[in-house]
Undergrad: 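Let me begin by handing over the structure; questions about it come next.
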Protein chains: 2
Amino acid sequence: MTRRRPRLSLDAYERGVRERDRAVLAQAITLVESRDETDAALAQALLTRLLPATGGARRVGVTGVPGVGKSTFLDEFGMRLLSRGKRVAVLAIDPSSSISGGSILGDKTRMARLSLEKEAFIRPSPSGLTPGGIARRTRETMLLCEAAGFDVILVETVGVGQGETAVSDMVDFLLVLALPGAGDELQGIKKGVLELADAIGVNKCDGEGALRARTALHDLRAALRYLPRRRPSWKARALAVSGLTGEGLDALWDVVEEHRQTLEASGELAAMRAEQQRSWMWSLITERLERWFRAHPEVERRLAGIEADVVAGRMTPPVATDALFAAFTAATRLS
Amino acid sequence: MTRRRPRLSLDAYERGVRERDRAVLAQAITLVESRDETDAALAQALLTRLLPATGGARRVGVTGVPGVGKSTFLDEFGMRLLSRGKRVAVLAIDPSSSISGGSILGDKTRMARLSLEKEAFIRPSPSGLTPGGIARRTRETMLLCEAAGFDVILVETVGVGQGETAVSDMVDFLLVLALPGAGDELQGIKKGVLELADAIGVNKCDGEGALRARTALHDLRAALRYLPRRRPSWKARALAVSGLTGEGLDALWDVVEEHRQTLEASGELAAMRAEQQRSWMWSLITERLERWFRAHPEVERRLAGIEADVVAGRMTPPVATDALFAAFTAATRLS
């Protein structure tokens, strides 16, 4: 590894981000991603200062399994947003990825046109973090990008693990990309994801896929009638889109804007964001409590055996919980 | 309140439950529901002794919003199971209920025929507990009923709050009851519930409802194609049922049995139950950690202010978490 670049001052970071200096923004994100404790304190101080400048962007999550065409979609969708005068940031969450923390070479190839534009900003998430850690860094990166004046933040996640739930908890609008399958089922829709979607894009509705996409769309719309509303004032939409030809992408943006206006008018946007903040805080707290609990030597010593007894039906979970807490409390008093 | 009935000995509880003594079973459930600490210790000792005798029943959750016809359905379905030689227990979870802990008068009226049968056992959940507390008592009551030789445990929940998720986490099979709506939407299906269902029963498919039920069923089956599989080897089914005429109830039981055989053969039943036990333990642990954290005087003193800052966007959740943990840790060291 090369030697670490020296950090800027808090003032320099703040000024640079607010003045939309891309180099400083990139360094601020690196600061947020750092696991160094001094960096972490500086990062939190920076975020606290920038908070009043955040919250203005359209926060749009884009998810779909590998092969659904996310890269081509994001490249074309991003280019169209640029042509509407929007500044666009693409943040990628990929808990399964092993890409290096600093390199965006992969993303430059994936989004060939967008990555060359100076009003666009593409940033992958760092590897080697827990999914919770990646989500936290992505949220904070999103805030930095907002403070740097980006109008649209596209948060991309591959459809594995808990990615969609994490993204759904940080964005205003979640787009699920799917493919018309060979048979009569829609491909690439994971368990639970359909109910998180604000819109479903049936991608690759071009060329030979056109007919299948239209059939899938028709059935999908019928299916959506049976799903409860995503929000009291919003029912999920289904659209045919093509990352290749751009079909449906303008209509999709109109849906994002309509969603924004609807939720703003109903007061749900403010309520949703407040709730996202609150639940983020509580997930950090319970995560930390659980980590602390698991790390206690007495708990660690007994956990595997007790968990095995519980799983095998030899011990009830309440008895197991009591036993682990007894060990934990005794150890805590001694320390 | 009348004076509390004296408790039995551990041996007497165990023998009574194993010998299927209904009066002792009822007292054992009261013991499990008690908030007295001595009772709780006795209850856990009893459950630990009975554990080897549990796990044999068909655990079936039944959910649906008020008005969907759960009582009539359970009464008729229970009677049919009795006529097949099954012993049936009905446990009701109702987090919103204010019924008194001991009275089952309401349930005697609700399930008029079943409540008179001696091979059936109906028990409401105690009021005044947290949803988590009710779920815990219901799980433990289910174990007691299994040890008392009941073949089928029907766990009923009204479609409010987190009831379905709690039930889904303790049963093998979740039946969601719904109604054909006046328009083209199915009524009474809550957000997220469809994806938890192993089967959806379109109820009141009798008389004037017959035609609407059939249309709803047709559309629902199309919709189910778009939902991911409930389990790798099981795809949710949709059936027309009538609690009033009994139509579809034999077919429904066949589905429950087919589900059991399928999941047993694939090994998913054992894996699912093991996972239910593990996740029950962890939910008890994190619940207790969070309660402990919230109850700490320093945390309690600062929480409301910090949470308000987070929700209003004046403080980032990581900074808030650090501040609360600093208060918590300092207070813990002092105590």
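Numbers restart at 1 for each chain; the letters A, B, ... are given by sequence-line order, proteins then strands. Just so you know, these numbers use all the heavy atoms, side chains as well, and skip hydrogens, waters and symmetry mates.
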Undergrad: Select all residues of residues 313-321 of chain A having any heavy atom within less than 4.5 Å of some heavy atom of chain B, and report them by number, or 'none'.
TA: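 G313(A), R314(A), M315(A), T316(A), P317(A), P318(A), V319(A), A320(A), T321(A), listed by number.
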Undergrad: If we only count heavy atoms from C-beta on, is the R288(B) to D322(A) side-chain gap below 4.5 Å?
TA: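 They are in side-chain contact.
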Undergrad: Between W292(A) and F328(B), does the side chain to side chain contact (heavy atoms under 4.5 Å, CB included) criterion hold? Intermediate values first, please.
TA: CA-CA 13 Å; W292(A) 184 41; F328(B) 178 65; 3.3 Å; yes
Undergrad: Sequence neighbours left out, what passes side-chain hydrogen bond (donor to acceptor under 3.5 Å, both in side chains) with R237(A)? Give chain and number order.
TA: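 By the side-chain hydrogen bond (donor to acceptor under 3.5 Å, both in side chains) rule, R237(A) matches E258(A).
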Undergrad: For R294(B), is it the side chain, the backbone, both, or neither that has a heavy atom closer than 4.5 Å to a heavy atom of chain A?
TA: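 Side chain of R294(B) only, per the 4.5 Å heavy-atom cut-off to chain A.
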Undergrad: So for E275(A), is it side chain, backbone, both, or neither that comes closer than 4.5 Å to the heavy atoms of chain B?
TA: neither
Undergrad: Would you say E307(B) and W282(A) make side-chain contact, with heavy atoms under 4.5 Å?
TA: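 When only atoms from C-beta onward are counted, W282(A) and E307(B) do touch, with a gap below 4.5 Å.
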Undergrad: Go through the atoms of L303(A) and report whether side chain, backbone, both or neither lie under 4.5 Å from a heavy atom of chain B.
TA: side chain
Undergrad: Under the side-chain hydrogen bond (donor to acceptor under 3.5 Å, both in side chains) rule, collect the residues that match up with Q276(B), sequence neighbours excluded.
TA: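 Q276(B): no side-chain hydrogen bond (donor to acceptor under 3.5 Å, both in side chains) contacts found.
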Undergrad: Quick check: do F325(B) and L289(A) have side-chain heavy atoms less than 4.5 Å from each other?
TA: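 Yes, side chains in contact.
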Undergrad: Among A312(B), A274(B), P52(B), which residue has the highest count of heavy-atom pairs closer than 4.5 Å to chain A?
TA: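 Answer, by heavy-atom pair count under 4.5 Å with chain A: A274(B).
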Undergrad: If the condition is side-chain hydrogen bond (donor to acceptor under 3.5 Å, both in side chains), which residues does R59(B) pass it with, not counting sequence neighbours?
TA: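 E146(B).
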